[in-house]
Each structure stands twice: as C-alpha cells, then as structure tokens.
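Report on the structure given below.
Every chain is numbered from 1 and lettered A, B, ... according to where its sequence line falls, protein lines coming before strand lines.
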Number of protein chains: 2
Amino acid sequence: MAKNKIPDLPGKTVERLSQYRRVLYNSIEEGKTNIYSHELAKMMNLTPVQVRRDLMLIGYSGSQSKGYVIKDLIALIGQIIDSEEGEKIAVVGMGNLGRAITSYFTGKREKLSIAAVFDNDPQKTDRIISGVPCHHVNQLKEVIQKENIQIAVLTVAPEATHNVAKMLLDAEIKGILNYTSVPLTVPENVHLEEYDIVTSLEKLAFLVKK
Amino acid sequence: MAKNKIPDLPGKTVERLSQYRRVLYNSIEEGKTNIYSHELAKMMNLTPVQVRRDLMLIGYSGSQSKGYVIKDLIALIGQIIDSEEGEKIAVVGMGNLGRAITSYFTGKREKLSIAAVFDNDPQKTDRIISGVPCHHVNQLKEVIQKENIQIAVLTVAPEATHNVAKMLLDAEIKGILNYTSVPLTVPENVHLEEYDIVTSLEKLAFLVKK
DNA sequence: TGGAAGTTGATATTTTTTTCACAATGATAA
DNA sequence: TTATCATTGTGAAAAAAATATCAACTTCCA
Ligand SMILES: NC(=O)c1ccc[n+]([C@@H]2O[C@H](COP(=O)([O-])OP(=O)(O)OC[C@H]3O[C@@H](n4cnc5c(N)ncnc54)[C@H](O)[C@@H]3O)[C@@H](O)[C@H]2O)c1
Ligand SMILES: NC(=O)c1ccc[n+]([C@@H]2O[C@H](COP(=O)([O-])OP(=O)(O)OC[C@H]3O[C@@H](n4cnc5c(N)ncnc54)[C@H](O)[C@@H]3O)[C@@H](O)[C@H]2O)c1
C-alpha cells in the first residue's frame, strides 16, 4: 500500500469525521472561525471527550484558549477522508430513490461526484438526469472502466439486485452502497455498506414501545 | 414501565433482528422451513456465532439437527420488536426523498404504517400520495395527536428542519428519523436516529482509497 | 452398537469503542 | 505576580460488541 499517511481509524471515527465536517461548514457560514470540543459535541449529540479523542486520532491539536480552528480542521479532515484526485460514483437504478439521491448529492462534495447513472428502462436512458448522463445498464462495465468509477450506489428494483451486483463486480468496482432490501455478499477486497429505512424505523419502534 | 417482557437488547442486536426477519421472509418464499445459524450468517455477512448469540439474547432455541424453525423465529422477532397494536408513522416533507420513502415503505410491514404525510406546498397537500393522505404542515399537531402517531420521518428542506422538529416535539412525537443534513437535538425521552448518504459515501471513499 | 460429523447454547476471552479522570496549558483579572 | 478558570490531550478504566472455544446433543452410517 503506497499511501501510508492514513492512520488506521476506527470505522465509527471515520463516520463522525464526515459529520464533523458537515456541521463545521455550517459554523463557517455563520461566521465562526473557532470552535470548542463541547460546542462541536453539542451540535452532534456527542460528549466533548469523544470529539477530542477523534481529533487526537487524526493528529489535530487545538489551543486551550481558542479551541479548534475550523478551517484548518475542515482541511485536515479532507486530507484524511478525501482522496486527492477525487472519487467518482455511479448510481444504478433511476427510480424514485435513485433520482432523489442523485439530485441531492450532485454538487455536494468537491472530491466526490456522481459521474454516471444507469437504468434498463429505455425511457430513462440516453439523457441527462439531474445533470448526470444516464446510460443503459448494458453499458455499465464500459462506462465504469472508462470513467474510472470506483464506487456504486445500488437502487435498482429488488429482483435485479444480484444481476446488477455481478455486473458491478465484473467491472471491478471497489465499493458498493446497497439500498435494495436484498442483502449482498461481495469479495473481501470490495467494500460494502447497506442501509434500509425499514431497519431504522423498526429500531425506533422498538425503542418507542419500551 | 408496564411491559417488562422486553429484554434489554443491545442496539446492534435490534438492528440485526430486523434484518434477520427480512431475509427470513425471503427464505420462506423460497420454500424453506428451517435454517441453520451458518446459513443465516452467510446471508447477512455475519459469523454463525453472532447469529446464535443474538438469538440466545431473545431466548430462542433451535434444534441441533434441524436448526431454527423459520416461522417461529419470525414470530418471536415480531413479539420482540413490534408493538402489539402497531405503530403509526408520519413523513414530513413530500419532496423527492419523502415520496420515494413513502412509496417504498407503504404496505411493507404489518405493524408499522405510514398514516399521514405533510408538506407546506399547497400543490401537494389535501390529496392522496402513494395511498397516504397529505396534510398541510400547519395541521401537523392536530393530525398526529388524532391519529396517535408516535414516529416521524423528517425529509423537509434543510432550512425548515428546526421549525418542523419543534412542531413535532410540540405534538409529543416519541421518535424521529432525521434525513435532513441538519443535525437535531431532542429531549432525552424522544428517540432520534439520523442518516445521511453523504456519510456513507465518504466512509466508502475512505475505505476505497486506503 | 459405537463413533464420526455437524449442530446448538453458553461461558470465557478478545477486541473495539466510549467514558473517566486529571495533568498541563494558557488566558484573565485581582 | 498569583490565583482562578475553562480548556485540551491522553493514559487508564469501563462498557459494549464480537469472537473463540467447547460441552452436549442429534443424526447417520458403518
Ligand atoms: N434502503 C432504503 O431505505 C430504500 C428506500 C426506498 C427504496 N429502496 C429500494 O431501492 C430500490 C429502488 O426503489 P424505488 O422506490 O426507486 O423503485 P423504482 O421502481 O421507482 O425504481 C427502480 C428502478 O430500477 C430500474 N431497474 C430495474 N431493473 C433494472 C436493471 N436490471 N438494471 C438497471 N435498472 C433496473 C427500474 O427501471 C427503475 O427505474 C428498490 O429495491 C427498493 O426496494 C430502499
Ligand atoms: N439523508 C439522506 O441521505 C438524504 C438524501 C436526499 C435528501 N436528503 C435531505 O432530505 C430533504 C429532502 O430532500 P429532497 O431531495 O426530497 O428535497 P425536495 O426539495 O424535493 O423536498 C423538500 C420538501 O419539503 C417541503 N417543505 C419545505 N419546507 C417545509 C415546511 N416548513 N414544512 C413542510 N414541508 C416543507 C417542500 O415543499 C418539499 O416538498 C433535504 O433536507 C435533503 O437535504 C437527505
């Protein structure tokens, strides 16, 4: 592994770093330049110690009097979690969810962009959707390799999940974010995240009934 | 607390129980009646020990020869995570995401239903969307209390988040699933879950670049 | 009949994640 | 100058989560 400047961070810390950056952008907009661990913690429903521990892990130091310098912290988080050249993303399945995600995400991050989307419905393909070209799914491998896309978001109809996943692996995708309710299994050199709103709601329902 | 039949389960176990049930439904459809821990584990990318541990926590016993009886297990998971009378949900913000979620979720679970949705755009209110009545947000408290809705999904425009959250708390909501990128803080008797696709994608990008 | 294979259930252990506790620092003001 | 205060950074402890290990049970088959 060539780049070894990246510390070996706990997964939870990586998620929080992304969230820290999000709220820090808001703070900048409000005109703040510095922030204390307890302020950041409050905004994220965490403890100040948790915040300091995370920042310690990425090697960032603040000052006791002024706290952390927001723009430096944002920059450092970027160095840690962004890739320098940027990372391209594909969304496969331009139904309700795929379109919602594409229109929401587009332009949100400098180093992460949705470079192509796919569907198998000719009504949707060969046009621009939310500023992104929509290709027919049978061009998936070609486009992914040409554009050097490494990450895919799966929002196809459930019954198409396994087929499309196979195509993605064949195109040597490196990470998949699976929103279909069909669980996937991938080789261990491919990173997989899954999310289902049903799980979140059932968890909430469980907590509420207690 | 009246109901004390509910074991005090780890949050992670609750999430997995919801997912077990989801894949078990699929297995039933494929004609299976019994399942071994290693099969369930494989489908969910877990270890068999993890599966057995979770089932132990809810007090379910299988047989060494036949494994677990799928329909019994589904029923028991239901007893644990579902509320008997069912739980009603509101979705606030009928934009792209709110509509995608509503159409996806409706009819998916017996004990969890989206009973009302809200928006502030007169073009969207006072009609049926994906089978659910859409009210103007200024009727939020009234409808939530009349329908006895305890859980809300927040998918409004970011700038409306705090206002709407305040209204939900005022209507004595018990759980909020927040999809806006604006972090919320709620009283501790209210349960809060947050999810943002940007976090998932940034985490994936981090893992991919390593 | 006996033993090999494969499974569950549970205790023990390890790993990961969070929290505690406090020394060190620097700013403030008496 | 010196005491006070709020803050950071971090080793140590605790809590939570995952994994290892293995006895006990069932089935099957030689
Ligand atoms: N994880 C969540 O929280 C969540 C929320 C909503 C929906 N979903 C899931 O996301 C998926 C999409 O949901 P939706 O509401 O957008 O459904 P949808 O029916 O609106 O969209 C599905 C899209 O997939 C396309 N498609 C079907 N087969 C395809 C194939 N082989 N190749 C390429 N595209 C194909 C269809 O043309 C359609 O555009 C479904 O699997 C649904 O279960 C998940
Ligand atoms: N968490 C995620 O992964 C994710 C993904 C996509 C979008 N989002 C967020 O979800 C929200 C909705 O996204 P979208 O793409 O559907 O946007 P959208 O603009 O399509 O929808 C927003 C809806 O909220 C309604 N609204 C605005 N103010 C309101 C108010 N005061 N009361 C009631 N309704 C109000 C609007 O009328 C509109 O229908 C945004 O905050 C967006 O940032 C999150």
Side-chain angles (χ1 to χ4, degrees), chain A residues 6-20 24 27 32-70 72-73 76-77 80 188 191-194 199 203 206-207 210, chain B residues 7-20 24 27 32-70 72-73 76-77 80 188 192-194 199 203 206-207 210:
Chain A
I6 306 166
D8 212 344
L9 300 171
K12 289 290 181 66
T13 295
V14 176
E15 290 174 16
R16 283 192 298 264
L17 287 173
S18 163
Q19 292 159 359
Y20 292 146
L24 289 171
S27 300
K32 291 191 64 132
T33 59
N34 291 71
I35 196 166
Y36 295 117
S37 60
H38 70 262
E39 297 175 294
L40 195 42
K42 179 134 196 218
M43 291 193 276
M44 295 210 11
N45 300 307
L46 300 171
T47 64
V49 188
Q50 177 84 83
V51 171
R52 296 204 297 276
R53 166 78 45 180
D54 286 332
L55 302 193
M56 189 186 98
L57 290 175
I58 63 172
Y60 185 70
S61 284
S63 94
Q64 284 91 347
S65 41
K66 304 282 184 53
Y68 305 99
V69 178
I70 298 180
D72 293 355
L73 184 46
L76 180 58
I77 292 175
I80 303 279
E188 61 173 80
H191 300 277
L192 175 68
E193 298 267 317
E194 315 219 7
T199 300
K203 185 181 179 188
F206 173 77
L207 294 170
K210 279 213 306 189
Chain B
D8 212 345
L9 300 171
K12 289 290 180 68
T13 294
V14 176
E15 289 175 18
R16 283 191 298 263
L17 287 173
S18 164
Q19 292 159 358
Y20 292 146
L24 289 172
S27 299
K32 289 191 65 130
T33 58
N34 291 69
I35 196 167
Y36 294 117
S37 61
H38 70 262
E39 297 176 295
L40 195 42
K42 178 134 196 217
M43 291 193 278
M44 296 212 9
N45 299 309
L46 300 171
T47 64
V49 185
Q50 177 85 81
V51 171
R52 296 204 296 274
R53 156 63 47 115
D54 286 332
L55 301 194
M56 190 185 94
L57 290 175
I58 63 172
Y60 185 70
S61 284
S63 95
Q64 284 90 347
S65 42
K66 303 282 183 55
Y68 305 99
V69 178
I70 298 179
D72 292 356
L73 183 47
L76 180 58
I77 292 175
I80 303 280
E188 60 174 79
L192 175 67
E193 299 267 316
E194 316 218 9
T199 300
K203 185 180 178 190
F206 173 78
L207 293 170
K210 280 213 305 188

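Atom-to-atom, CE of A:M56 to C1' of D:dT7 comes out at 16 Å; the value is rounded to the nearest Å. A:Y36 has its OH atom 11 Å from the C1' atom of D:dT8, to the nearest Å. Atom NE2 of A:H38 is separated from atom C1' of D:dG9 by 17 Å (rounded to the nearest Å).
Side-chain atoms of B:L24 and B:L40, non-hydrogen and from C-beta on, do get closer than 4.5 Å to each other. Within the 4.5 Å cutoff, side-chain heavy atoms of A:I35 are placed close to those of A:M43. A:L55 places none of its side-chain heavy atoms less than 4.5 Å from the side chain of A:S37. Between B:L17 and B:T13, the closest side-chain pair of non-hydrogen atoms falls below 4.5 Å.
Scored by the side chain to side chain contact (heavy atoms under 4.5 Å, CB included) test, A:S65 finds A:S63 as partners (sequence neighbours excluded). Qualifying side-chain hydrogen bond (donor to acceptor under 3.5 Å, both in side chains) partners for B:E194, counting only residues two or more places apart in sequence or in other chains: B:N178. For B:T47, the side-chain hydrogen bond (donor to acceptor under 3.5 Å, both in side chains) test picks out no residue, with sequence neighbours left out. For B:E39, the salt bridge (charged side-chain N to carboxylate O under 4.0 Å, His left out) partners at least two apart in sequence or on another chain are B:K32. Partners of A:T33 under the side-chain hydrogen bond (donor to acceptor under 3.5 Å, both in side chains) rule, at least two apart in sequence or in another chain, do not exist in this structure. By the side-chain hydrogen bond (donor to acceptor under 3.5 Å, both in side chains) test, B:E15 is found to be paired with A:K203, residues two or more places apart in sequence or in another chain being considered.
Applying the salt bridge (Lys or Arg N to Asp or Glu O under 4.0 Å) test to pairs two or more places apart or on separate chains, those with a residue in residues 51-64 of chain A are A:R16-A:D54. Listed by first and then second residue, the ring-ring contact (aromatic ring centres under 6.0 Å, His included) pairs involving residues 51-70 of chain A are A:Y60-A:Y68 (not counting sequence neighbours).
Annotation: proximity of residues 44-52 of chain B to DNA chain D (heavy atom, distance under 4.0 Å) is found for B:T47, B:V49, B:Q50, numbered in ascending order.
End-to-end axis angle of the helix from C:dT1-D:dA30 to C:dA30-D:dT1, from C1' rotation axes over five pairs per end: 10° (rounded to 10 degrees).
Nucleic acid contact for A:T13: none, since no nucleic acid atom lies under 4.0 Å from a heavy atom of the residue.
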Which atom pairs link the protein and nucleotides 26-30 of chain D when you take only N or O atoms and keep those under 3.5 Å?
| unit_1 | atom_1 | unit_2 | atom_2 | d |
| --- | --- | --- | --- | --- |
| D:dT26 | O3' | B:S65 | OG | 3.4 |

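Bracketed by its first and final contacts, the part of DNA chain C lying under 4.0 Å from non-hydrogen atoms of chain A reaches from C:dT17 to C:dA27 in 5' to 3' order.
When each of B:I35 and A:D54 is assigned the nucleotide of DNA chain C with its nearest heavy atom, B:I35 is the one assigned upstream, toward the 5' end. Heavy-atom nearest nucleotides on DNA chain D were determined for A:S63 and for A:R53, and the one closer to the 5' end corresponds to A:S63.
To the nearest 0.5 Å, atom CD1 of residue A:I77 and atom CD1 of residue A:I80 are 8.5 Å apart.
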